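Here is the structure we will look at, set down as C-alpha cells.
From a predicted model like this one, the values you see are computed outputs, not experimental measurements.
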Amino acid sequence: MKFSQRLFEKVGDIWEKTHQHPFVVGLGTGELPVESFIRYMKQDYVYLIDYSKMFAYGAVKAHDVETMAAFAKLLDEILHGEMDLHRQYAERFGITNQELEETKPLPNNLAYTSYMLKVAQNGSLEELICALLPCMWSYWEIGKTLAETNPSSKEHPLYGDWVTMYSSDEFGSLSLWLIDILDRLTNGKPERELAILEEHFLTTSRFEYMFWDMAYAGGDWPV
C-alpha cells in the first residue's frame with residue numbers, strides 16, 4: 001500500500017465530518033450565511049500568506065532542482081491563483097486588499113499556521129508535505145463532492161466560483177503532484193518515521209475541520 005493510501009484511510013472519519021460540516025454543506029446548497037463566508041474569506045486570506053511560506057520551505061528542502069522548481073510554481077499558484085480569488089470576492093463586498101492583509105488571525109487560525117510553520121522549519125521535506133497536504137487535498141475532495149452532489153453549485157452567484165476552482169482538474173493536479181512525491185519519499189521508510197508523518201497529517205486535518213467551524217460560528221479571543 002502506498003503511504004498516501006494509508007493516510008487517506010486513516011483520515012476518513014475526520015474528512016467525513018468535514019464534508020458534513022454546515023459551512024461546507026452550505027457552500028454546495030447556496031444556503032451558507034454570507035457573514036460566515038466573509039469571515040472565512042478574510043481568515044483564509046491571512047492563512048494563505050503563511051501557507052504559501054510552506055512551499056518556499058519546500059523549495060529550500062527539496063533534493064533536486066526539478067522539485068525546487070515545482071514548489072516554486074506551487075507558491076506562485078497560491079499567491080496569484082487562490083489569493084486572487086479571495087481578492088475578487090473581497091471586491092464584491094467592498095473590502096480592500098489592505099483590509100484583507102490587515103486581518104488578524106483568529107486563535108484557531110493562528111494555532112494552525114504556527115503548527116505548520118514549526119514543522120516546516122524543523123522537520124524533513126516529508127514532514128512538511130504531510131503538514132500542508134490536508135489543506136490542498138481535502139479542498140479538492142470537497143470541491144469534487146459539492147460539484148457532483150449539487151451540479152448547480154458551480155452556477156451559484158456567490159459561491160459558484162469557489163466550487164468551480166476547487167473541483168477543477170487543474171487544482172487537483174497540484175494535490176496529485178504532492179501525493180506522488182510523498183509516496184516516493186516514504187517508500188521503504190521505517191514505521192517509526194511513518195508514524196510521525198501520519199500524526200502531522202491527522203493533526204492538520206483536524207485543524208482543517210476547526211477552521212471551517214471557526215469560519216461558520218466565529219471564535220475570537222475570549223478575553
Side-chain angles (χ1 to χ4, degrees), residues 1-21 24 44 47-64 66-68 70-75 77-78 105-145 166 171-215 219:
M1 178 188 293
K2 292 182 178 180
F3 187 58
S4 61
Q5 294 174 299
R6 166 176 163 171
L7 293 177
F8 190 76
E9 291 181 4
K10 286 282 186 177
V11 83
D13 289 344
I14 298 172
W15 282 11
E16 181 58 33
K17 287 184 173 66
T18 300
H19 282 283
Q20 295 171 2
H21 194 282
V24 174
D44 199 48
Y47 166 87
L48 286 172
I49 293 173
D50 280 340
Y51 187 67
S52 63
K53 295 175 185 177
M54 298 289 288
F55 294 89
Y57 278 114
V60 171
K61 293 177 182 284
H63 307 306
D64 56 76
E66 181 181 0
T67 305
M68 288 176 65
F71 270 106
K73 182 180 178 182
L74 285 168
L75 170 59
E77 291 284 347
I78 294 169
L106 292 175
N108 283 342
N109 192 355
L110 184 60
Y112 185 2
T113 57
S114 296
Y115 178 85
M116 283 197 301
L117 289 171
K118 180 181 178 181
V119 173
Q121 291 163 359
N122 300 318
S124 64
L125 180 59
E126 302 93 292
E127 288 181 86
L128 179 150
I129 292 172
C130 282
L132 67 82
L133 182 55
C135 177
M136 187 174 289
W137 193 357
S138 69
Y139 266 51
W140 186 37
E141 293 294 329
I142 289 169
K144 289 189 298 180
T145 300
Y166 291 112
F171 184 79
S173 68
L174 307 180
S175 297
L176 291 173
W177 180 80
L178 281 170
I179 290 167
D180 179 67
I181 193 172
L182 179 63
D183 283 333
R184 287 190 277 115
L185 288 170
T186 53
N187 186 35
K189 279 196 174 293
E191 177 57 33
R192 66 179 181 277
E193 294 184 32
L194 296 179
I196 293 171
L197 299 176
E198 181 182 291
E199 191 59 31
H200 288 320
F201 191 87
L202 292 173
T203 296
T204 51
S205 291
R206 294 184 178 105
F207 270 125
E208 277 296 309
Y209 179 90
M210 293 167 65
F211 197 101
W212 295 118
D213 206 48
M214 170 194 71

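Between Q5 and E9, the side chains place no donor N or O within less than 3.5 Å of an acceptor N or O (distance only, hydrogens not considered).
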Between E127 and I196, is the side-chain contact (heavy atoms from CB on, under 4.5 Å) condition met? List the steps. CA-CA 8 Å; E127 288 181 86; I196 293 171; 3.7 Å; yes
Let's go through K61 and S124 carefully: what are the C-alpha distance in whole Å and the side-chain angles of both, what is the deciding distance for side-chain contact (heavy atoms from CB on, under 4.5 Å) to 0.1 Å, and is it a yes or a no? CA-CA 7 Å; K61 293 177 182 284; S124 64; over 6 Å; no
Hey, mind stepping through T204 and V119 against side-chain contact (heavy atoms from CB on, under 4.5 Å) and telling me if it holds? CA-CA 11 Å; T204 51; V119 173; over 6 Å; no
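For A120 against M54, the heavy-atom pair with the smallest separation is CB-SD, 3.6 Å. Nearest heavy-atom pair, I14 versus S205, reported as atom, atom and distance to 0.1 Å: CG2-O, 3.8 Å. In terms of heavy atoms, E199 sits closest to Y115 at O-OH, 4.4 Å. Taking all atoms of both residues into account, the shortest heavy-atom contact from E208 to C135 is OE2-CB, 3.5 Å. The minimum heavy-atom distance linking I78 with S52 is given by the pair CG2-CB, 4.1 Å.
Under the 4.5 Å side-chain criterion, counting only non-hydrogen atoms from C-beta, M136 is in contact with L178. Contact annotation: the side chain of H19 approaches that of E141 to within less than 4.5 Å [non-hydrogen atoms, C-beta and beyond]. Two residues are said to be in side-chain contact when any heavy atoms from C-beta on lie closer than 4.5 Å; Y51 and D44 fail this criterion. Two residues are said to be in side-chain contact when any heavy atoms from C-beta on lie closer than 4.5 Å; E77 and F171 fail this criterion. Here the side chains of F3 and F201 are not in contact, with every heavy-atom distance at 4.5 Å or above. Between R184 and I181, the closest side-chain pair of non-hydrogen atoms falls below 4.5 Å. A 4.5 Å side-chain heavy-atom check between L176 and W140 finds at least one atom pair inside the cut-off. Side-chain contact check for P105 versus Y47: every heavy-atom pair is 4.5 Å or farther apart.
More than 12 heavy atoms of other residues, nucleotides or ligands sit less than 6.0 Å from atom CD of E191. Within a 6.0 Å radius of CG in D64, more than 12 heavy atoms belonging to other residues, nucleotides or ligands are found.
Summarising the geometry, atom CZ belonging to R206 is positioned 14.5 Å from atom CG belonging to N108; distances are rounded to the nearest 0.5 Å. Distance check, rounded to the nearest 0.5 Å: CG of L74 to CG of L132 gives 9.0 Å. Atom CD of E198 and atom OG1 of T203 lie 10.0 Å apart (nearest 0.5 Å). To the nearest 0.5 angstrom, K53 atom NZ is 7.5 Å from I49 atom CD1. The CG atom of D183 sits 11.5 Å away from atom CD of E126, with the distance rounded to the nearest 0.5 Å. Residue L197 holds its CG atom at 11.5 Å from CG of L133, rounded to the nearest 0.5 Å.
The aromatic ring centres of Y112 and W212 sit 6.0 Å or more apart.
Taking the six-membered ring where tryptophan is involved, the planes of F71 and F55 are tilted, since the angle between them lies from 30° to 60°.
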